[in-house]
Every structure is written in structure tokens, then in C-alpha cells.
Number of protein chains: 2
Amino acid sequence: MTLPIAARAVNTRERILRTCLRLFNDQGAATVSTNRLATELDISPGNLYYHFKTKEQIVEQLVRRFEQRLAPIQKSSPAIEAVDDFWLALHFTFEAIHDYRFVFRDADYLARTFPSARKRLQSIIAVSIATTRAQCSTLAEAGILRVNAEELQTLAFHIVFTATCWSVFAKLAADDVGDSADTGRAAYQVLTLLTPYLNEESRHYILYLRGKYRG
Amino acid sequence: MTLPIAARAVNTRERILRTCLRLFNDQGAATVSTNRLATELDISPGNLYYHFKTKEQIVEQLVRRFEQRLAPIQKSSPAIEAVDDFWLALHFTFEAIHDYRFVFRDADYLARTFPSARKRLQSIIAVSIATTRAQCSTLAEAGILRVNAEELQTLAFHIVFTATCWSVFAKLAADDVGDSADTGRAAYQVLTLLTPYLNEESRHYILYLRGKYRG
DNA sequence: GTCTATATGCGGATAGAC
DNA sequence: GTCTATCCGCATATAGAC
């Protein structure tokens, strides 16, 4: 009952991507060489080369997956009718970011080294800002968020900025070497940006949520 | 009228540091090898080695200078009596960050590769948060900023986060490849965080400043 | 598909002559 | 102080056998 050849091939390709993602997240995309990746997988460099001719191809595939992971979350924009919808979407987003944390962590290296990655990253950010603005806009129309057009834009920009860069900063500021997952803390930090602009009722709700994310 | 030998030596050392800073800022600390640095300086690798035995020593020296550059700005904390004092301090800070932008841009690489740099970076961030909190606290006592203790902490944290990571994000989000200096935009973005908590008078002042930093 | 073996180049670091 | 020459190791990439 061994798997057919085609399935085995898919499996190796899949193993490469999964393992690479893990190593990238743990050690940084710049640090993880193709050789080390092959060693970790217990396959030969030649075999790795058979599946991916360049490191760039692996990177692009992983970034593409990250993009696909974000897509359904962002599609939910119109359904954001209350603060906790926003909160939930934020949570999913941060989980995705955490699962692919190398993407933003090593953004500078990736953008510098792989032109294809650079384009994709910029696209992700542009889409994210647009989506976030749409979400905030929906909240504003529902009277939950009190902002003018300019504040809306600045807020959306700042939320995306926080989402993308938070893990870099958290890791840097942390005493320990590992990456404290704490996506809740990240979401909380973003929500704090929103707080002053919320109406009374929603602000109270935030204060309630806040209690759950402090220790 | 040639310079005495000692002075020449100091000069080469200084030239190394200056050129290295420029290359780091332009191309990234990870990308710039000691060999490329030597080539750019028109000196031999051996000569470079004479002045700095390791790349880490150069990095540490540069980070130390960045720290020293920040120090006098941070010492001015008690003198923050109005919003535009804060604004000015912010401006100086962002100028310093821009002049040493590789420090935060490549923070992950630096922290990973050079333990000495990691410690220094963490110290810089810790001091910055403390300083910022002190500044905000002064503003709060003067009735300019209306925040409770928790908001103060979160705000300080977020301000430092923005200051350190902004250039990374700005560069990533930008279409062009170069680094748009625009420290004004960065300072404006930080000030926006403060706005909702300001008293009436100061908020108007901010709105006035805002006009100067939009195109 | 997977392996072994290897080409080629660049990185940091260093010895020893001048 | 500065150079030339060079070691060593690791990176990416690849050819060719199985």
C-alpha cells in the first residue's frame, strides 16, 4: 500500500514548503540556506533542486500562500458590522501573520533579494490598507466609529503598519530570544488605536475585551 | 604639510565608519560585506582588518554612535512643556533614526548575528520607552494630554514602536526603490496617535501643523 | 525522484611582506 | 598603516549516475 509516484512527489514538494516555512520563521529567511533546508529534510541538495530550481521559487510560493491565507479574511470586509467583528478579523489576520511571520520579519531581505517577492509584498500591503479602510468605513457608517475622511485614511494606514511590523518590534523588545506568539496582544494594541474614535457603547465593549488581554 | 601618522590612522578609521554607515543605510547591513566595504574605501581587506578585527566591531561602533546621537535628545525630556516641544523632539529623533536607518531596518539581522548589537538595541528601545513615557507624563501633568496610567503606557509603547519601525514600513510600502527620507511624515504619523488625547487648544495646534505635512 | 559529487563564487578572517 | 596573497567555509546551483 505505498503511495503512487505522483502523490509521493507532491508530498516531497509539500514537505519542502512546510519545513522551509518553519525554518524561515524560526531562523530567518536570510539565514536558512538551501543546503540547510535539504539537510533538515533529510534529502539531498540535488533533490531539492529538482523540485525548486531557485530559492526565489520557494520564497515566492510561500508568500503566495500567505496571500491566499489572508484573502478570505479580507473578503469578509463588508460583514464588519460591529467592533467584535473587527476584533475577530484582526485576530485571524494576526494568526495568519504569525504563521508566516518571516514574510514581514525579513521583508527587507526578501524585497532586496527577490524582485518577485518585492512586488507581491507591496501588493499585499496595498490591498490590506484598502481592506482596512473599507472595514473602518463600514463601522463609521454604522455610527460606531467617529472619524472624518482623513482620519479614516491615517487610521487604516496605521493599523496595517502595526499589523505588519508588530512582530518585528515585539521580538526586538522582548528579553527572550524566541518569538512570543501572543497574537492577542498584537490585536489589542491595534484596537487601542481605534478606541478614542469609538462611540460610548463600543468603547465600553473594548474596555471589557482589554481586561482579557492583560496579565 | 602632511598629517602626522596618528591623525592619518584616525582618519582611516573614521572613513571606514562613515562609509560603512552609508553603505549599510543604502544597501543593508547584511548585504554589505567587509570586502565590498574595503573596495568602496579603496583600501585592502587586510587594512580594514587592521582597524576592525571583525564586522561585529564595526557594527557595534555604529550602533554606539546612534545611541550617543539619541542621548541628548532624550535628556531634554523634562523640558517638554508643550506639544511643539514634543514635536521638535520627535523631529530630532526621526532625523537621528534616518541617519542611522540601518539600525532598525536590519534589526533582526543585527540581533541575530551579533549578540553585542542585540543587547544594545534592546537597551535603546527600553530607554526610549521610558523617556517617551516621561515626556507624555509631563504633558499630562500640564493638562495638555488627558490619559490615565494605562493609556500612558500603551501610548508610549506605541510611539516608540512607530518611531523604530516606520522607516521599514515606509520603504516597503513605497513604490520606488530608494528611501524617501520624509522624517516629517513620520513625525506627523506619531503625532496623530497623540491627537485624540490632547486638550482642545493643543489639538488645534496639531491641526495647524498637520497642514504643513500634507501634499 | 533521488542520490553523489562538484563547479563556482563570495563571505569573513588572517599571515607576512613592505 | 597598508598591501598582496591566501585559507577556509558556506552559499547557490548543477551534472550525471541510479
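Chain naming here is simple, since letters A, B, ... match the order of the sequence lines and numbering starts at 1 in each. None of the values given here were measured: they were computed from a predicted structure.
In this entry the distance linking OH of A:Y109 with C1' of D:dT12 reads 11 Å, nearest Å. Between the CD atom of B:Q27 and the C1' atom of C:dC10 there is a distance of 15 Å, given to the nearest Å. One interatomic measurement links the two molecules: NZ of B:K53 to C1' of C:dG11, which rounds to 19 Å at whole-angstrom precision. Following rounding to the nearest Å, A:L48 (CG) and D:dA13 (C1') show an atom-to-atom distance of 11 Å. Distance A:N35 CG to D:dC10 P: 10 Å, rounded to the nearest Å. Here the C1' atom of nucleotide C:dC10 and the CG atom of B:L37 are 15 Å apart, to the nearest Å. Between the CD1 atom of B:I43 and the C1' atom of D:dG1 there is a distance of 10 Å, rounded to whole Å. Atom CD in A:E56 sits roughly 9 Å away from atom P in D:dA13 (whole-Å rounding).
The side chain of A:Y49 places no N or O atom within less than 4.0 Å of a non-bridging phosphate oxygen (OP1 or OP2) of D:dA13. Residue A:S33 places at least one side-chain N or O closer than 4.0 Å to OP1 or OP2 of D:dT12. Between A:Y50 and C:dT2 there is no side-chain polar atom (N or O) within less than 4.0 angstrom of OP1 or OP2. Considering only side-chain N and O atoms, A:T12 lies under 4.0 angstrom from the phosphate OP1 or OP2 of C:dT2. A sub-4.0 Å separation between OP1 or OP2 of C:dT4 and a side-chain N or O of A:S44 is absent. A close approach under 4.0 Å does not occur between any side-chain nitrogen or oxygen of B:N47 and OP1 or OP2 of D:dG1.
B:A126 pairs by the side-chain contact (heavy atoms from CB on, under 4.5 Å) definition with nothing, not counting sequence neighbours.
Cation-pi geometry between A:K171 and A:F169 is not satisfied (NZ or CZ under 6.0 Å from the ring centre, within 45° of the ring normal).
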query = Can A:F66 and A:F104 be said to form a ring pair (Phe, Tyr, Trp, His ring centres under 6.0 Å), step by step?
reply = CA-CA 11 Å; A:F66 174 53; A:F104 290 134; 5.7 Å; yes
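In summary, B:R36 and B:E40 do not engage in a salt bridge, as defined by a charged side-chain N under 4.0 Å from a carboxylate O. Checked for salt-bridge contact, B:E56 and B:R120 miss the test: no charged N lies under 4.0 Å from a carboxylate O.
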